[in-house]
Each structure stands twice: as C-alpha cells, then as structure tokens.
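Below is one structure, written out as structure tokens; comments come after it.
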Amino acid sequence: MLFDQKSLSLAGPKHSYSWVTLALQLALGLFGTVTVHAAPAQQDSIKQAIQSGQLDQALKLLQQERMNAPKDVQLRFLEGVIQAQQGQTDKAIDTFKKLTESNPDLSEAYNNLGVLYAAKGKLEESRASLEKALQTHPSYAAAHRNLSDVQSQLAKQTYAKALQVDGKIKNNTPQLTLLGSMDTSKRSPATPPASMSTPNPPAPVVTVATAPAAEAPKVARDTAPVPAQNPAKPSTSDSAVETPVASKPAVAPTPNPTSASAVSASPKPEPKKEDAAQKQTKADHADVRSAITAWAKAWSQKDMNRYLAAYGSSFTPPEKMSRAKWESDRRVRIVSKKTISVDVNNLKIEVTGNKATAHFQQVYESDNFKGNSHKTLEMVKLGDRWFIARETVN
Amino acid sequence: MSPWHLRWAAPTLLVTVFFVTVWWLSDRENLPINFKPTFQTSSEHMRWKLEFEPSDAAPVIMAKDPETLVRQVYQHLGEGDRTQALTTARALVAQFPTFQLGQLLYADLLNISSKQPAEIVELDEDIKPTALRRMEELLLEAKRRMSRPAPQALQGQVPAAVAVLSAHQPYLAAVDASKSRLYWFANRTGADGKLQLELIKETYVSVGINGVGKVKEGDGKTPLGVYFIQKNLPGSTLPDLFGAGALTLNFPNAVDAMRNKTGSGIWLHGTPTAQYSRAPEATDGCVVLANAEMEQLLNLPGWRMTPVVIADKLDWIQAGQIPEAYAHFRPTLDRWISERQNADADQLKTHYSTRFERDALDLEHWWPRLIQGVAGQRKAKPLELVSVLHWNDGEDTMVVTMSDPNVKDKRQPVFLRTYWQKEAGQWKLVFEGPT
C-alpha cells in the first residue's frame, strides 16, 4: 500500500524513457551463409571502406558489385548501411524495409530498421522492428523468453538478498522453454560463433527439408485410430511458429517413411502368406496404436479419468512412488495447465504375446513449455484392451 | 490468514527512477566533459554506433567502495545504457555481496529487463514487517548516498564548528546525521595558525535508530555536539557487530554531565559481517561506518584526541573565515589565559560561571584547589591552544583544549580542557579539567 502511494506520486517520471532505451547497435550482419553471390573479397573491401569512413568509396564499390548481382541480399544490406552512415536515414529505412519485405527472415535488417526508426524518434516503430528482429529466429525468441524469466527469477532472489530475507520467499518458479531440436544451419562452419547480434536467418535449405513433412498426410491429434497406413506423423506442423519443423533434421522426416513403415507392419513389398499369428500381430499393433493415441488425446484434453485409465493396475509409477501419490501428482501437473498438446511421432511398436513395447517421439507443449522427448511405453493386454505398465523417457 | 503480498515492482522502479533523477540533478558537475544530454524528454533522435563484429569486451569493473559503483550504475542509466548499468550492477553485487543496496539495485535492473517483471512475492507473515522496514531503510540509504554533496563542492569549506586547530592536532572529523555522512579532514594548518583542512575521507555513516540528540541511556540516539576520540578497540576484541573495530568518544562530556545526560559507549565503529553498511538510522547511538573505511581510520597515525563534531545538519564556512561566535569569544579567552599565566586570582575568578562544577563541588568549594595550581607561581609560558570548537544546541558552548608548556613532569597532565558557555552575553567557564 505504502509503495503504491509512492509510485503514484512519481508516476510519469520525466526521464523515464531514457533508461528503457535499448543500447542500440547497428549490426552489420555477417550472414555469410545465405546465398552469397557477390565475391566476398569485394564485400570485405566495401566493409573496410565503410569502417574507415570512406563512404563514397564504399558506395562506388557497391554500385560496381551490384551490376553483377543486382538482387544480392548482402549488397542491398550494405547499401542500407552506407545510406545510414551517410545520414540518409529515410533512404536507409526504405532500403531495409524493402529488404525485410523480400526477406522476412533477415533479423539484421529488422534490427537496423529498428535503430533507424529510433533515430527518427519513431520509437513504437522501432520497438516493433526490434521485436521482429528477435522473432525472426525462433530459438532467439525462446532464449529471450528464457533469459527474461531467469532474470525475473534472479530479481526475486536478489530482492531477498537485499532485504535479508533469503530463503524465506515463496517462489513460483517460471517454466522455461527447452528446445527439443536445433537448427542445423546454425552449425555450418561458415557461421561465426553464436551471438545475439548475428543471427542466422533460416537458410533456404530449411524449406527443402520441410517439404516432405508438409506433404505427408497429417494426422490430427484427435483423429481416432488411424491404422498403420500413416507411419510418419508429421511433427507439430501447426506449432511451427515456435520451433520450426525444419529445425529438427536430427530426428528428421527423411528416414521416417521407410523406417517407420517397416516396423509398423504396413504393406510390405513382398506379400507373404498371412497366417493367423501374423494377422493377430497386425491387429495388436493397431490396438496398441489406438490405445496410445487415446492416451495422448486424453492427456491433451486434460481428461484425467481417461488419462489415468490408460494406466493398468500393474503400472509401476516412477521413483517408487505409490500409485495414489503418482496419480495426484499427475493430476496437479496436468490440471494446472491451461492448454496441453501431446503429439506422438515415429511410433514403433513391438508386440510379443500379450506384451508390447512402443517407442515414439513425444512432442509435448503446454502454456510455456515445449519439449521433445523419446518415450517408451510398455503395454500389457488385459482382455482385449492394452494398458500402460511402465512409462519411461529415454 | 490471507497471504500477504509485497509488491516489488512499485518500490523498486521507484528507486531506479527517483535516483536517476537525483543523480542527474545532484551530480552534474561530475559529468565527463564530452557528455551530451541525450535523454531529455524531448529526445527525438536516438543515435547509433556501427558495429561490424559483436563486441564482447568486458572490462573488469571494480571500485574501492560500492557507492562509486552505484553512482556508475545511475550514470549509465542516465546515459540510457541499460546494458552497461546491468553489467555494472552485476559487478557491484559480485564485489560487495553484503551491500544490500547494491542487491536491490541489481534486482531492480534485472526486473525491468525482464519481460515479466516480478510483481508480487509472497512473504511469510513473520518476516513481512522486517522486509518492509528493510525496503524503506534501503530506499533512505540510497537517497542519502546519492544526494550527498560532491566532495569537490566542499573544497575550501570547513565545518563552522571549528575555530582553532593547532598543527599538533592532525585531524578533525565531522558527522552530518541528516546526510548520513562522515567527513574526515587532515589538518593542514601552518605555523601562522590560519585554519587549513584537507578532506581526506568522506563516507556514508549510520547513526542512532531514533536519530540524534541523545539525552539518556538506551534512548537509541546519537549525541550532538563536539566529542573527542579517546582510544581504539581492535575488532578482534569485540563482538562481530563492531566489525573492524572502534574508536571511543568522550560521551558524556562535562557539559552533558551538567545537564544530567546519561549513557556510555558512544563509539565510531565498523559493521557486522552480514552487512556492508547499515541503515541510515540503525544504531544504539554509535556512528557506524563500513569496515573498510573504519580500518583506514584505525590505521591513521595520531587519531588520538581527534575532535568529532556531530551535528544534525553541519554548517560550513569558507576556510580562513573567523566564525562569528569565536570572534566574540576570543578576547575573553585571551584574557583568561593571560590572567592565569599571571596568577591574577581575583581577575581570573570573574571568568568562572556560578554553575561551575567539578567532582560534585561547586565553584566556591573547588576554587581553593583550582587556584592552588595557578597561584603562587607565575608561569613562564602561557597555555597553548590545541583546539577551539563551538556548537549551539540552545546554549552557546565552546570547548577549548590547551596544552601546558610548563609541565615538565611526565606524570602531570599536559592537556587542559575547558568548556565555556554564554551567560547574559558573557562567556563564562563552566568546566575545567584534564582531557
């Protein structure tokens, strides 16, 4: 109460905006990995000319280069830098704006646009551009969110130290985002060491990689038992804004069509005589699959009754927990979330008698957490239903 | 038993915002020459710097005291460089982890850097009053530290309380309780007797939890007036609370005793391990300074008998200027010294107040003893002034410390201290005794 009054009395501080100001840098991006047409040596001499303040010289060199490669992104970028340094802020804004229109992934261009808007006093536009700069690269966005959360947590902790009430503060720990996959283009050798100011715009390669997944038939989460025909479920295509599908070639779509279909007993090239046992196995596969699909759906819908019912009486909770304790833990965990989505990818099922083992990639996403994990469910058949007996993450 | 919520955001942003402004107003003279005010409200144009390679140069940020770093943090904020402010604040808490104000500042900066600032933290009922009070204390500490006058602004000024400080008295200390500041001067007075002081230390201090104006034992107040350092107590011999050690003051002095003021153990001392500095008003009546500062004082040669002026608000005058009260007092003092030298008992007695008191004896009973030491032998040399200091707390008081050049016997006290007060416009001696 006390503080509220004080804050009121100081509302609208005169200079408040200054300290919110970002330390602006006009980053001359080294996005070398993208489609470089212009000779790097020439670009270096342009950069050197800019650095040494010989802007006219830089412009001359640039114009020569542009004759050869009029569309070159790097050169257009450099042109914007030169214009900015020459004080032709409006022109530079125009250049970077066009650049972002044709290349919406160029975070460097957004950054510079933000700087230039700020130079014009257009702070809202500046803020928007700078945010775009961060959003162009999802992992940076995640890192920023994480950093922000960690900072806020650290702030609370530091307040406790300041007030000498360490360890007596009830803390609601924020949940951070663990990226389950990474952008391979980031690991290309040409890339300079990771740094906030030189993000790597998603390379064209990315699109190529995405293509097969996009073409693959989608299995909606709540589509009920889809039998073996759709071996490779596309990975979280609708949440691609956060973690682009493309950015996980490690678990990539490429091997899936073959490997997954091989295991999942879908039509094999050489049709053998199907005996009864095989028929049974095939049916079991389908049943296990639908049980897992139902389990994931119940989890996604926070339908606790159906979710818990997926676990058989023989289920062994982790860490020697009692079933009751485990159930209540799960309930708290699941019900507390606003939204949950669980996707099952690359499901591989092995059936032996009335037992089955299912390996898959679980794509889990809740309010502010997103994770990719490899999960193994050991299933048992009771009557004609399959139940989970053990759940492990590997 | 609803949970109690402490709103962080409000007070914390307050600290930041408020002190940027304070810094801006109070410390302008410290700005680098090439500093351009880039953050007026009307600031339309933000400038940029061109960077080809991401710079990762991280110069080591260190300072000998945390306040310097706090100042730097605010300076960076004032320049709009929040990243640097955060970096500096991080260095601040790394170097001075027990400096709670630094932690608060760092927390604020982290918090405003976060997209989801910590707004509410639940505290246990039993610690909420403590935390709330601590927050207030830190706010006050920040305010006091940041609004302190720049040392440069004090150049050529001396506390108005000091009239004479002989070259044999190496230091003078002055405490401004309202500013939570201690000033420690080296005496540069030459043979001509013209007062010259050099400010060699000015630092944040804490005073009594109930402020100043001590009257009785346990009132949690720091006494006001002029005191003298008596002895040192090394930290190793004292509880942790006293930190690096202590310099004791002669509270209650003769005038305090006449006014029936009680209390004891008023010291300058250090801080406990857990706190680099204490709140502006936190002590039982002592003047507390950071251990690093206290250590330096303890290591100074010749701190004994250093006068310590303690005022709620210190008055300052230009060095060389004769304080008005002293101009009025000086003739009386001169006559007293000369009459004492000449052993002119009758004339001498006119200077003594009827309120004179010594060892529970009034003037009439004490006079024979007093005159015994004076009369009979005409002194070869007059008493020499060591220091003359003045304060007014409703009564005008002078404290005159002198040395007797005639004393050859090592067992006899060399120093004599007298307290004088104005009675009906006349300065009268109310106490006379050894230091």
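Side-chain atoms are counted along with the backbone in the values below, which use heavy atoms only and exclude waters and symmetry mates. We name chains A, B, ... by the order of the sequence lines, and we start the count at 1 in each one.
Separation of atoms OH (B:Tyr106) and CD (A:Gln151) is listed at 7.5 Å; rounding is to 0.5 Å. Here the straight-line distance linking atom CG of A:Leu163 with atom CG of B:Leu104 works out to 6.5 Å at 0.5 Å rounding. Rounding to the nearest 0.5 Å places CD of A:Gln164 at 7.5 Å from CG of B:Leu138.
Neither the backbone nor the side chain of B:Thr130 comes within less than 4.5 Å of any heavy atom in chain A.
Taking the side chain to side chain contact (heavy atoms under 4.5 Å, CB included) definition, one finds that A:Lys91 meets it with A:Gln83, A:Gln88, sequence neighbours left out.
When every heavy atom of B:Ala107 is checked against every heavy atom of A:Thr158, the shortest pair comes out as CB-CB, 3.7 Å.
Inter-residue side-chain proximity for A:Asn112 and B:Trp48 is flagged as unmet; no heavy-atom pair is nearer than 4.5 Å.
Within the structure, side-chain hydrogen bond (donor to acceptor under 3.5 Å, both in side chains) contacts touching residues 92-102 of chain B (residues at least two apart or in different chains) are B:Gln100-B:Arg134.
Counting non-hydrogen atoms of other residues, nucleotides and ligands closer than 6.0 Å to NZ of A:Lys98 gives a total of 12 or fewer.
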